[in-house]
There are 2 protein chains.
Amino acid sequence: MPTASDFKRMLRDASLRVTSPRIAVLSAVHQHPHSDTDSIIGIVRDGLGAVSHQAVYDVLRALTAAGLLRRIEPPGSPARYEARVGDNHHHIVCRSCGVIADVDCAVGEAPCLTASDDHGFEIDEAEVIYWGICSGCSTSTSS
Amino acid sequence: MPTASDFKRMLRDASLRVTSPRIAVLSAVHQHPHSDTDSIIGIVRDGLGAVSHQAVYDVLRALTAAGLLRRIEPPGSPARYEARVGDNHHHIVCRSCGVIADVDCAVGEAPCLTASDDHGFEIDEAEVIYWGICSGCSTSTSS
DNA sequence: CCGTTTTCTTGAATGAGTCAAGTTTTTGAG
DNA sequence: CTCAAAAACTTGACTCATTCAAGAAAACGG
């Protein structure tokens, strides 16, 4: 797990100013991947004390734009964030409890799939969401 | 394009009551695939006069649950609906203007992809969204 | 250390969708 | 055809996630 100085370096390398909210958000997402914005706000406040929700929204947007975080938006859920970027992996979402797990992409680079008909689009990414029931939910439901 | 009596039969076959809002919504989605809820409300009102937005939300939910419509939710866009159901096709979304096109699935049945690691999930669907720039946007941007 | 620029705080506002109570419509049974 | 029960629709308030806006505070190059 990266340390605070690692996060500072990441921010500098991305030409972003180093602030405590940014370090706290980076740290929170590294420690709790697939968290939604509200959870991240809670984790950040546990570490720093009062931080406005707006600051967290701003930070998440800046870090996502800089490529330090990735935003995922499964239908039916608020936006979630993860720190694993650049490897074009995919996700499995549980239809019952909403938990998300990572799925490695066999190809690794986007777009990892070719459309049967691209309709003239210049396709740069193929995003895959697998839907199913996680092991915890399937056992509790079938019992 | 199906007629009003076709829509009535579809509703009866799905054990749903036949009402004018339902026929109008079915017709609207058949004629304007990938429309968002607000556009559908507008189209329905053009045909029927006053219809509450709540009625359209209720109808869309009932028709989706009955399998007559499919709901699609590209990140950054409100929910959209289409009448092409049952063939597990996918979508291309333009990053610039948001327009959506259908992409046939080579396999046809869900799940059409196998995850490299299913993490113990029982996967029933693999949803693919291709992201890119449509031909209209790429020509206007490059000029 | 200072000024500029960026970021954060505060608080209001927006958009999509849901909740709830009451009225109307549909439809199967008589 | 008529009626009652169930389902659907209307109205209007409300929630949630997110954004907008204006001013205060912090970062950092010089």
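So you know, we letter chains A, B, ... as the sequences are listed, proteins then strands, and number each from 1.
Rounded to whole Å, the distance from NZ on B:Lys8 to P on C:dT26 is 11 Å. For the pair A:Glu73 CD and C:dA16 P, the interatomic distance rounds to 15 Å; values are reported in whole Å. Summarising the geometry, the separation between CD1 on A:Ile23 and P on D:dA26 is reported as 15 Å, rounded to the nearest angstrom. If you measure from atom CZ of B:Arg22 to atom C1' of C:dT26, you get 10 Å, rounded to the nearest angstrom. Atom CG of B:Asp58 is separated from atom P of C:dC19 by 11 Å (rounded to the nearest Å). Protein atom CG of B:Leu60 is 14 Å distant from nucleotide atom P of C:dA16, rounded to whole Å. Rounded to a whole Å, the CG atom of B:Leu11 is 18 Å from the P atom of C:dT25. Distance B:Ile41 CD1 to D:dT11 C1': 14 Å, rounded to the nearest Å.
Between A:Arg71 and A:Glu82 there is no salt bridge, since none of the side-chain N atoms of the basic residue sits less than 4.0 Å from a carboxylate O of the acidic one. Residues A:Asp58 and A:Arg22 are not paired through a salt bridge, judged by the lack of any N-O separation under 4.0 Å between the basic side chain and the carboxylate.
Nearest-nucleotide positions on DNA chain D for A:Ser20 and B:Ala55 put B:Ala55 closer to the 5' end. Between B:Gln54 and A:Ser77, it is B:Gln54 whose nearest contact on DNA chain D lies nearer the 5' terminus. When the nearest nucleotides of DNA chain C are assigned to B:Leu16 and B:Tyr57 by heavy-atom distance, the more 5′-ward of the two goes with B:Tyr57. Judged by closest nucleotide on DNA chain C, A:Val56 is the one of B:His53 and A:Val56 placed further toward the 5' end.
Minimum atom distance to the side chain of A:Arg71 is reached by D:dT18, of the listed C:dT9, C:dC8, D:dT18. Here the nucleotide nearest the side chain of B:Pro78, chosen from D:dT19, C:dA16, D:dC9, is C:dA16. The side chain of A:Val59 approaches C:dC8 more closely than any other nucleotide in the set D:dC9, C:dC8, D:dT18.
Taking the six-membered ring for Trp, A:Phe7 and A:His30 have ring centres closer than 6.0 Å. Checked against the 6.0 Å centroid criterion, the rings of A:His91 and A:His89 qualify as a close aromatic pair.
Side chains of A:His53 and A:Asp38: a donor-acceptor N/O pair is absent below 3.5 angstrom, by distance only.
No contact: A:Ala62 has no heavy atom under 4.0 Å from any strand.
Looking at B:Arg17, its side chain comes within 3.5 Å of the base of D:dA6 through a donor and an acceptor atom.
Close to D:dC9, at under 4.0 Å from its OP1 or OP2, lies a side-chain N or O of B:Thr19. Residue B:Thr37 has a polar side-chain atom (N or O) positioned under 4.0 Å from OP1 or OP2 of C:dG17.
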